[in-house]
Amino acid sequence: MDSGIRARKSALSVVGGPISLDLTLRSGQVFHWDRLEDGSWVGLIGDRFVRVSERNGALETDRGSEGIVRNYFSLDHPLDEIYAAFPDDPLSREALEMCRGMRIIRQPRWECLATFITSSMKQVAHIRAMSLAIRKSFGPQIGEVFAYPSPGVLARADEPSLRACGLGYRAANLLATARRVADGKVDLEALSRLETEDLRNALTALPGVGVKVANCVLLFAYERLDAVPIDVWIHRVLLSMRRGRDGTAAQLARYARRRLGPYAGYVQQYLFHRARVSSK
DNA sequence: CGCCAGGGTCTCG
DNA sequence: CGAGACCATGGC
């Protein structure tokens with residue numbers, strides 16, 4: 001990052017762990033963090049600017065930010081239990097060894113939903129570029145960076161200026177969903193009380209949200225750790241696990257749930273990262 | 001240039 | 001219900 005972000009080198013306080021920040025922030029869950037030369041990361045949690053760093057596998061942050069950092073990076077997730085529940089096949093074992101310490105983070109609901117509406121048929125680098133453009137064009141400035149704009153702000157935007165952020169045909173979907181949320185027709189916080197199936201149905205009723213995007217939001221913003229987004233990468237992984245036997249989306253979803261276990265979303269995230277890294 | 005990317009939606013059989 | 005067309009954009 002060259003925008004002059006130079007976090008103060010004040011002492012950081014230990015939050016907990018274990019965690020791998022690099023893996024967590026580079027695994028296609030979230031797209032707006034910046035890695036500094038010293039290996040620490042800076043970014044916004046909602047509209048709060050924080051610096052996080054990793055020392056001996058433990059997470060550190062600025063004094064006063066410990067609570068929100070601990071929550072955002074899900075330090076309460078029981079990694080030992082999750083790893084014990086990993087499926088016992090070569091691919092999953094390899095993914096685990098490659099990604100140990102990666103955590104599924106707790107993202108703000110709207111920010112996560114909106115970002116993944118823009119993600120369809122886009123590479124991770126493009127999603128990041130669109131996210132930064134939307135933030136810069138519409139979001140409130142926090143110091144030297146920009147937070148994600150609220151539903152109300154985006155609801156009052158027009159489609160051409162969203163397209164100017166590189167969204168293409170996704171602009172209309174983001175605009176329409178922003179309006180439904182801003183109208184109060186959908187309450188993203190209240191939805192958190194729904195059972196996973198009902199929550200998935202409520203999300204897929206929104207413009208630009210199909211099963212895959214809904215599962216991303218379930219996993220990254222609603223703590224449903226068994227939700228399995230099936231994108232082209234995971235599709236290939238599942239195909240390989242089934243020795244080439246393809247199936248309908250529903251069949252593959254059923255297979256993934258059964259095969260990947262109670263923390264299927266975690267397993268999926270590790271498999272996703274392994275597949276992407278090893279293809280380069 | 002063709003191909004691919006953390007897909008959704010609509011149409012047609 | 002399931003397969004196909006179409007939808008923009010950018011990196012390689």
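Note on naming: letters A, B, ... go to the chains in the order of the sequence lines (proteins, then strands), and numbering restarts at 1 for each one. The figures here come from the full heavy-atom set of this structure, side chains too, leaving out hydrogens, waters and symmetry mates.
Rounded to an integer number of Å, the gap from CD1 of A:Ile127 to P of B:dA5 is 12 Å. Distance, A:Leu167 CG to C:dT9 P: 9 Å, rounded to whole Å. Residue A:Leu174 contributes atom CG, which lies 15 Å from atom C1' of B:dG7 at whole-angstrom precision. Summarising the geometry, the separation between CD1 on A:Ile134 and P on C:dT9 is reported as 13 Å, rounded to the nearest angstrom. Taking atom CG of A:Asn173 as the reference point, atom C1' of B:dC10 lies 13 Å away to the nearest angstrom. Summarising the geometry, the separation between NZ on A:Lys212 and P on B:dG6 is reported as 9 Å, rounded to the nearest angstrom. A:Gln269 places its CD atom 9 Å from the C1' atom of B:dG6, with the value rounded to the nearest Å. Rounded to an integer number of Å, the gap from CZ of A:Arg276 to P of B:dA5 is 11 Å.
Where A:Val209 and A:Trp233 meet DNA chain B, the nucleotide closest to each residue was compared, and A:Trp233 sits on the side nearer the 5' end. Ranked by how close their nearest DNA chain C nucleotide is to the 5' end, A:Ala125 and A:Ser120 are led by A:Ser120.
At least one test fails for A:Arg35 against the ring of A:Trp33: distance under 6.0 Å to the centre or angle within 45° of the axis. Seen from the ring of A:Tyr255, A:Arg242 counts as a face-on cation partner, given the 6.0 Å and 45° thresholds. Taking the ring centre of A:Tyr222 as origin, the terminal cationic atom of A:Arg109 falls inside the region bounded by 6.0 Å and 45° from the ring axis.
Comparing the P positions of B:dC3 and C:dA5 gives a spacing of 15 Å, expressed to the nearest Å. Between C:dG11 and B:dC1, the two C1' atoms lie 14 Å apart (nearest whole Å). When the C1' atom is compared between B:dC4 and C:dA8, the two are found 14 Å apart, to the nearest whole Å.
Of the candidate nucleotides C:dG2, B:dG6, C:dG10, B:dG6 has the atom nearest to the side chain of A:Pro229. Each of C:dA8, C:dG2, B:dG6 was ranked by its minimum atom distance to the side chain of A:Arg163; first place goes to C:dA8. In the set B:dG8, C:dG2, B:dG6, the nucleotide with an atom closest to the side chain of A:Val213 is B:dG8.
A salt bridge is absent between A:Arg180 and A:Asp187; no separation between the charged side-chain nitrogens and carboxylate oxygens falls under 4.0 Å.
Using a 4.0 Å heavy-atom cutoff across all strands shown, A:Thr204 reaches no nucleic acid atom at all. Backbone-only engagement by A:Leu206 is indicated by non-hydrogen atom pairs under 4.0 Å involving sugar-phosphate atoms exclusively. Among the protein residues, A:Gly166 comes within range of the sugar-phosphate backbone only, with heavy atoms under 4.0 Å from sugar or phosphate atoms but none that close to a base. Nucleic acid contact class of A:Gln251 (heavy atoms, under 4.0 Å, all strands): none. Nucleic acid contact for A:Ser279: none, since no nucleic acid atom lies under 4.0 Å from a heavy atom of the residue. At a threshold of 4.0 angstrom between heavy atoms, the contacts of A:Phe220 include nucleobase atoms, whether or not backbone atoms are also involved. Nucleic acid contact for A:Ile230: none, since no nucleic acid atom lies under 4.0 Å from a heavy atom of the residue.
Of the inter-residue distances, the one linking A:Glu97 atom CD with A:Tyr83 atom OH reads 9.5 Å to the nearest 0.5 angstrom.
Side-chain nitrogen and oxygen atoms of A:Arg170 include none within less than 4.0 Å of the OP1 or OP2 phosphate oxygen of C:dG10.
The ring of A:Tyr263 has its center no closer than 6.0 angstrom to the ring center of A:Phe86.
Put simply, A:Phe272 rests on the base of B:dG6: the two rings are less than 5.5 Å apart at their centres and nearly parallel, under 30°.
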